[in-house]
Novice: 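Attaching a single structure in structure tokens format; questions to follow.
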There are 2 protein chains.
Amino acid sequence: MKSTYREIKADILSKITKGHWQPGSLMPNEIELADIYGCARATVNRAMRELADDGIIERRRKAGTRVRASPIRQARFDIPLVRREIEEKGAEYRYSLAARSVEQTPDWLRERLNLDDGARALHLVCMHYADDDPYQHEDRWISLATLPQAEKADFIQSGPNEWLVATIPFSNAEISFSATLADARLADFLGSRLGDPLFTIERATWFEERAITYVRLAYRPGHRMTTRY
Amino acid sequence: MKSTYREIKADILSKITKGHWQPGSLMPNEIELADIYGCARATVNRAMRELADDGIIERRRKAGTRVRASPIRQARFDIPLVRREIEEKGAEYRYSLAARSVEQTPDWLRERLNLDDGARALHLVCMHYADDDPYQHEDRWISLATLPQAEKADFIQSGPNEWLVATIPFSNAEISFSATLADARLADFLGSRLGDPLFTIERATWFEERAITYVRLAYRPGHRMTTRY
DNA sequence: CAGTGGTCTAGACCACTGA
DNA sequence: CAGTGGTCTAGACCACTGT
């Protein structure tokens, strides 16, 4: 009856899916489960901990473990570099810089990133192509207060995202998805029609509390972001 | 120098973010780290395993552990029930059923869900309101081959999602996000204008290889889905 | 083949929290 | 205060995989 934590996890999950353990019901405690599966308590613990991480069960000291009444559904999305995203589709990646300027940070961005009054930012507009078809439009601001060295990079050969990933090893971000309308400028860039609905990602990034960058990525019409869970 | 796995994880992460351990570089192995932190190897292992799960580092037997050159950025989104989504915004939730019919499964859906020829499905159109403002339009198909009992539910008091969550304790799903255009029918439902861009979620769900449901959720204009990582 | 991470154990103590 | 999960340990064996 010896089992691995994977087998235990799968078995418990199947007991839940098959209705053997009803939503909301109390499950046996770890010692009992270790007994049932003929393994150490730590092994059961790992299986249960992963199920809790996956949002399937709910654990509380003293109160025990229960099957979640309505399992928390979580979808995980990889946020790849555009280059990789395109290359993984088997297409050839091409990048181009459309505009580059140093500006006073506009008010809406200052507020969004919590920047000082009069802070300067590098404003970049870029395009990413898949097999020469427009794929993604990138409108990016980089805080020069945080990253003064960005002013020296020209971003002609490769995009700011790749530069940032190489420069800042790790950061926190807030990301949001929405649907926006193609205005004349975007439609022109993306080779789409005015008024096309565009799947849009916005991302604001911080490094140790200091704002690094804000970017708005508009995908060509018809783009989907898909995952399984 | 005794440390918890959380402290170790945080310390390693800060070593990476501060550039102490460069992207791509080889990190000390678990035994060395256990020595450094004055703890058991299992404790280091847990810290490192979580960092690997988070996409920060990359581990391979014999080859050792390296800092990822470009960290895999993953965003986790909760997929809540609409009811909870609305109530958490502090608004009052209201639901209404707009249409209900039993139909032959259309071809595109048969293909999408891998259903048999001539399979019947329950087709539902519903609206979800927040404080009486249109919030989300739901267009759902439920396979009657898999869930014949759905035909008996009337879905007048509460939506199919809540019924499904209570009926099927756990399932696999494929979910995708996109931007679509409001046609006349959708614009009418959502009280928006024709041609508004709508953030749209599609979800197909299976239970033990058998298709359960396909749903298309269109949000009112301006909706955003946000998360941090 | 040997080095590294992956997993398991048996036991211990601790931290929370429900009754 | 007592029951449950959370974490740690010291040691062991195993599974991969680079050399």
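Throughout, protein chains are lettered first and strands after them, A, B, ... in sequence-line order, and every chain is numbered starting at 1.
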Novice: Find which nucleotide of DNA chain C each of Lys62(A) and Lys62(B) is nearest to by heavy atoms, and output the residue with the more 5' nucleotide.
Specialist: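 It is Lys62(B) whose nearest nucleotide is closer to the 5' end.
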
Novice: Is the distance from OP1 or OP2 of dG6(C) to the nearest side-chain N or O of Asn45(B) less than 4.0 Å?
Specialist: yes

Novice: Nearest to the side chain of Arg41(A), heavy atoms from C-beta on, is which of dT9(D), dC13(C), dG5(C)?
Specialist: dC13(C)

Novice: Under 4.0 Å between a side-chain N or O of Asn29(B) and OP1 or OP2 of dT4(C)?
Specialist: yes

Novice: Nearest to the side chain of Ala40(B), heavy atoms from C-beta on, is which of dG6(C), dA10(D), dG5(D)?
Specialist: dA10(D)

Novice: Mind calculating the distance between CD1 (Ile31(A)) and C1' (dG3(D)) to the nearest angstrom?
Specialist: 9 Å

Novice: To the nearest Å, how far apart are Glu30(A) CD and dC8(D) P?
Specialist: 15 Å

Novice: From CZ of Arg59(B) over to C1' of dG6(C), roughly how many Å is that when rounded to an integer?
Specialist: 9 Å

Novice: Determine whether a donor-acceptor pair (N or O, by modelled atom type, separation under 3.5 Å) exists between the side chain of Thr105(A) and the backbone of Ala119(A).
Specialist: yes

Novice: For dT17(D), what is the paired nucleotide under Watson-Crick or G-U wobble rules, both distances under 3.5 Å?
Specialist: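 Result: dA2(C).
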
Novice: For the pair made of OH in Tyr37(A) and P in dC8(C), what is the distance, rounded to whole Å?
Specialist: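 It works out to 13 Å between those atoms.
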
Novice: Please determine, for dC8(C), whether a Watson-Crick or G-U wobble partner exists with both distances under 3.5 Å, and give it or none.
Specialist: dG11(D)

Novice: Could you state the CD-P distance from Glu32(A) to dG5(D), rounded to the nearest angstrom?
Specialist: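 The answer, rounded to whole Å, is 9 Å.
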
Novice: Under 4.0 Å between a Lys/Arg side-chain N and an Asp/Glu carboxylate O for Glu174(B) and Arg112(B)?
Specialist: yes

Novice: Could you state the atom-to-atom distance from CD of Glu58(B) to P of dT17(D) in whole Å?
Specialist: 13 Å

Novice: How long is the line joining CZ of Arg61(A) and P of dC16(C), in whole Å?
Specialist: 6 Å

Novice: Closer than 4.0 angstrom, basic N to acidic O: yes or no for Arg68(A) and Glu58(A)?
Specialist: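 Looking at Arg68(A) and Glu58(A), the cut-off is met.
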
Novice: Could you tell me whether the phosphate oxygens of dT4(C), OP1 or OP2, come under 4.0 Å of any side-chain nitrogen or oxygen in Thr65(B)?
Specialist: no

Novice: Please evaluate the base of dG3(D) for a donor-acceptor partner in the side chain of Arg60(A) within a cut-off of under 3.5 Å?
Specialist: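 Per atom types, no contact qualifies.
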
Novice: Side-chain N or O of Thr43(A) less than 4.0 angstrom from OP1 or OP2 on dT9(C)?
Specialist: yes

Novice: Determine whether the side chains of Arg210(B) and Thr146(B) contain a donor N or O and an acceptor N or O closer than 3.5 Å.
Specialist: no

Novice: Quick one: closest heavy-atom pair of Tyr95(A) and Cys126(A), and the distance?
Specialist: CE1-CB, 3.6 Å

Novice: Quick one: Arg46(A) CZ to dC8(D) C1', roughly how many Å, whole number?
Specialist: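 Interatomic distance, CZ of Arg46(A) to C1' of dC8(D): 15 Å.
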
